[in-house]
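First the structure, in the form of structure tokens, and then the observations on it.
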Amino acid sequence: MLKAGLIGIGAMGSGHLDNYFRLKKENNPDINLVAVCDIDENKFKNNKKIEGNVDGVGGGGDVDFSSLNCYTDADEMLAKEQLDLVTVALPTYLHCEYTVKCLNKGINVFCEKPMALNPAQCQEMIDASKRNNKKLMIGHCLRFWGQYEETKKIIDSGKYGKPIAAYFFRGGDTPAWSYQNWLLKRECGGGALLDQHVHDVDTVNYFFGMPKAVSALGSILYPGSGYDSVTAQYIYDEPMAINAQDDWALAYGGFSMTFRVNFERGSIIMGDKGFIMAGRGENAQAPNEKPFTPEYDTENAYYKELKYFADCIINDSPVIINPPEDSMNTIRIVAAEIDSADKGGVIVNIK
């Protein structure tokens, strides 16, 4: 059995807590959460979770911490507990520091996205994983999200030909609920571009591979924040029109995420009308097929990624779906986008 710890019980940490409790409720013999850590001890006293702005993540409400060893200092938890797995759900600027600490203690780490603030920190995390022969995975949950999984299968199958265009959007209200407002401090969270838009950047990387260059434009609504709105174009050797937009300053609040991928002989869309696929004949003049909804896994993606990573540890198998090197490449793309936006949208080669 893997003894697990959780560091950080903010919005994302609350979601991970739910999934650990779900595993316990299901009498899963492979993973047992034994310790949690958060700097705010009132969470343990009040038995309250933090509510975020995305359905299925955290969610306010009561939780019973009585069965867990509770800490307000992560170093103390790592010193006292014999852990096999730690979930790091801290603010982004702490990801590298605490991931490396856990790995150096001989503990496998699941770290929330984004991997880190920059590629150098990502490399430090990967080096620590290899040096200590421990596994590391980053929480890019869309790789486990049913509609995205099915789209990846369709892309790889070539059934509808090569992708020729794609568009991604993610947006909602401003995350004003973060601890000491760290999400709206560029040096701590990187703004919407690094914290929220990174989901779609990773999807671009997963679906189509690494672009060779990017062009991005961004705007800042909240002084001191990173870019609060962004639009980015991804440049490949293949002639594809791929764009992603993000905005966490939408006045109507709420949250939405959509995408479309156009192929030589079809299109797939996830949006207000659901998840829809339609094919076409060998040329643009041929009649289109009747749209249909492809079958996809409806299981909670956050639950699936935790189970997957635990299985990789238990079976000593490589992390294939989301290796940390892929997550570092996603941060390399983001770094190029920030550079491009800082320079007014010029094309920037990915380093």
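Considering M125, Q121, M115 as possible partners of T99, the one that fulfils the side-chain contact (heavy atoms from CB on, under 4.5 Å) test is M125.
Linking Ile, Leu, Val, Met, Phe, Trp and Tyr residues whenever their side-chain heavy atoms come within less than 4.5 Å leaves L217 and V334 in two separate clusters. If you chain together hydrophobic residues whose side chains sit under 4.5 Å apart, I269 and V261 never meet in one group. By the criterion of side-chain heavy atoms lying less than 4.5 angstrom apart, applied directly or through intervening Ile, Leu, Val, Met, Phe, Trp or Tyr residues, V348 is not grouped with L117; the two fall into different hydrophobic clusters. Y308 and L136 fall within the same hydrophobic cluster, where Ile, Leu, Val, Met, Phe, Trp and Tyr residues are linked whenever their side-chain heavy atoms come under 4.5 Å apart, directly or through other members. Residues Y302 and F255 share a single hydrophobic cluster, defined by chaining ILVMFWY side chains whose heavy atoms lie under 4.5 Å apart.
With respect to D38 and K43, a salt bridge is recorded, a charged nitrogen being found less than 4.0 Å from a carboxylate O. Salt bridge absent: K130 and E124 never bring a charged side-chain N and a carboxylate O closer than 4.0 Å. Checked for salt-bridge contact, E149 and K304 meet the test: a charged N lies under 4.0 Å from a carboxylate O. Taking a cutoff of 4.0 Å between a charged side-chain nitrogen and a carboxylate oxygen, R170 and D247 do not qualify as a salt bridge. For the pair K113 and D202, the salt-bridge criterion is not met [side-chain N within less than 4.0 Å of a carboxylate O]. Electrostatic pairing of K101 and E97 counts as a salt bridge here, judged by a charged N lying under 4.0 Å from a carboxylate O. We find that D339 and K351 are not joined by a salt bridge, their nearest charged nitrogen and carboxylate oxygen being 4.0 Å or further apart.
With ring centers used as reference points, F169 lies 6.0 Å or more from F259.
Minimum heavy-atom separation, H197 to A232: NE2-CB, 4.3 Å. The two residues D195 and P114 come nearest to each other via the heavy atoms OD1-CD, 4.2 Å. Minimum interatomic distance between A244 and D200 (heavy atoms only, all atoms of both residues): CB-CB, 4.3 Å. Residues W248 and L183 share a closest heavy-atom pair of CH2-O, 3.5 Å. Between V204 and Y236, the shortest heavy-atom distance links the atoms CG1-OH, 3.3 Å. Considering all non-hydrogen atoms of both residues, V198 and I331 come closest at CG2-CD1, 4.3 Å.
Proximity of I164 to F263: side-chain heavy atoms (C-beta onward) are nowhere separated by under 4.5 Å. Between V88 and V109 there is a side-chain heavy-atom pair separated by less than 4.5 Å. M210 has its side chain within reach of I333: a pair of non-hydrogen atoms, C-beta onward, lies under 4.5 Å apart. Looking at heavy atoms from C-beta onward, Y20 lies in side-chain contact with L306 at the 4.5 angstrom threshold. In this structure, the side chains of L33 and L17 come closer than 4.5 Å at one or more pairs of heavy atoms. Within the 4.5 Å cutoff, no side-chain heavy atoms of Y148 are placed close to those of Y206. Within the 4.5 Å cutoff, side-chain heavy atoms of I313 are placed close to those of L2. Looking only at side-chain heavy atoms (C-beta outward), C141 and H199 come within less than 4.5 Å of each other.
For D228 and S219, the side-chain atoms include no donor-acceptor pair closer than 3.5 Å. Side-chain contact annotation: N329 with R332, donor-acceptor N/O pair under 3.5 Å present. Side-chain contact annotation: N104 with R131, donor-acceptor N/O pair under 3.5 Å present. Under the 3.5 Å distance criterion, with hydrogens and angles disregarded, no donor-acceptor pair is assigned to the side chains of E305 and H140. Of the N and O atoms on the side chains of Y234 and S215, not one donor lies less than 3.5 Å from an acceptor on the other residue. For the residue pair Y227 / E337, no side-chain donor-acceptor distance below 3.5 Å is found, with atom types taken as modelled.
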**OP:** Would you please test T231 and N243 for side-chain contact (heavy atoms from CB on, under 4.5 Å) and show each step?
**Re:** CA-CA 7 Å; T231 180; N243 177 270; 3.2 Å; yes

**OP:** Evaluate the side-chain contact (heavy atoms from CB on, under 4.5 Å) criterion for residues I126 and M328: first the C-alpha distance (whole Å), next the side-chain angles of each, then the deciding distance (0.1 Å), finally the verdict.
**Re:** CA-CA 9 Å; I126 291 171; M328 181 173 72; 4.0 Å; yes

Original post:
So Y160 and M277, side-chain contact (heavy atoms from CB on, under 4.5 Å) or not? Walk me through it.
Top reply: CA-CA 10 Å; Y160 294 95; M277 178 87 217; 3.5 Å; yes

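The cationic atom of K135 (NZ for Lys, CZ for Arg) does not lie both less than 6.0 Å from the six-membered ring centre of F309 and within 45° of the ring axis.
Among residue pairs with one or both ends in residues 329-351, none qualify as ring pair (Phe, Tyr, Trp, His ring centres under 6.0 Å); sequence neighbours excluded.
W177 CH2 to T174 OG1: the interatomic distance, rounded to the nearest 0.5 Å, is 11.0 Å. The distance from the OG1 atom of T92 to the CD atom of E187 is 12.0 Å, given to the nearest 0.5 Å. Rounding to the nearest 0.5 Å places CD1 of I268 at 3.5 Å from OG1 of T151. Residue D84 holds its CG atom at 10.5 Å from CG of N32, rounded to the nearest 0.5 Å. To the nearest 0.5 Å, atom CG of residue N108 and atom SG of residue C102 are 10.0 Å apart. Expressed to the nearest 0.5 Å, how far SG of C188 lies from CG of L194 amounts to 11.5 Å.
In I39, the CD1 atom is not crowded: 12 or fewer heavy atoms of neighbouring residues, nucleotides or ligands sit closer than 6.0 Å. The neighbour count for E26 CD, taken as heavy atoms of other residues, nucleotides or ligands under 6.0 Å away, is above 12. Counting non-hydrogen atoms of other residues, nucleotides and ligands closer than 6.0 Å to CG of N133 gives a total of 12 or fewer. Counting heavy atoms of neighbouring residues, nucleotides and ligands inside a 6.0 Å radius, atom CD1 of I314 exceeds 12 of them. Counting non-hydrogen atoms of other residues, nucleotides and ligands closer than 6.0 Å to CD of E264 gives a total above 12. The local environment of NZ in K152 is crowded, with over 12 non-hydrogen atoms from other residues, nucleotides or ligands closer than 6.0 Å. By the neighbour-count criterion of 12 heavy atoms within 6.0 Å, atom CG of D272 is sparsely surrounded, having that number or fewer from other residues, nucleotides or ligands.
Here the side chain of N181 pairs no donor or acceptor atom with the backbone of L184 at under 3.5 angstrom.
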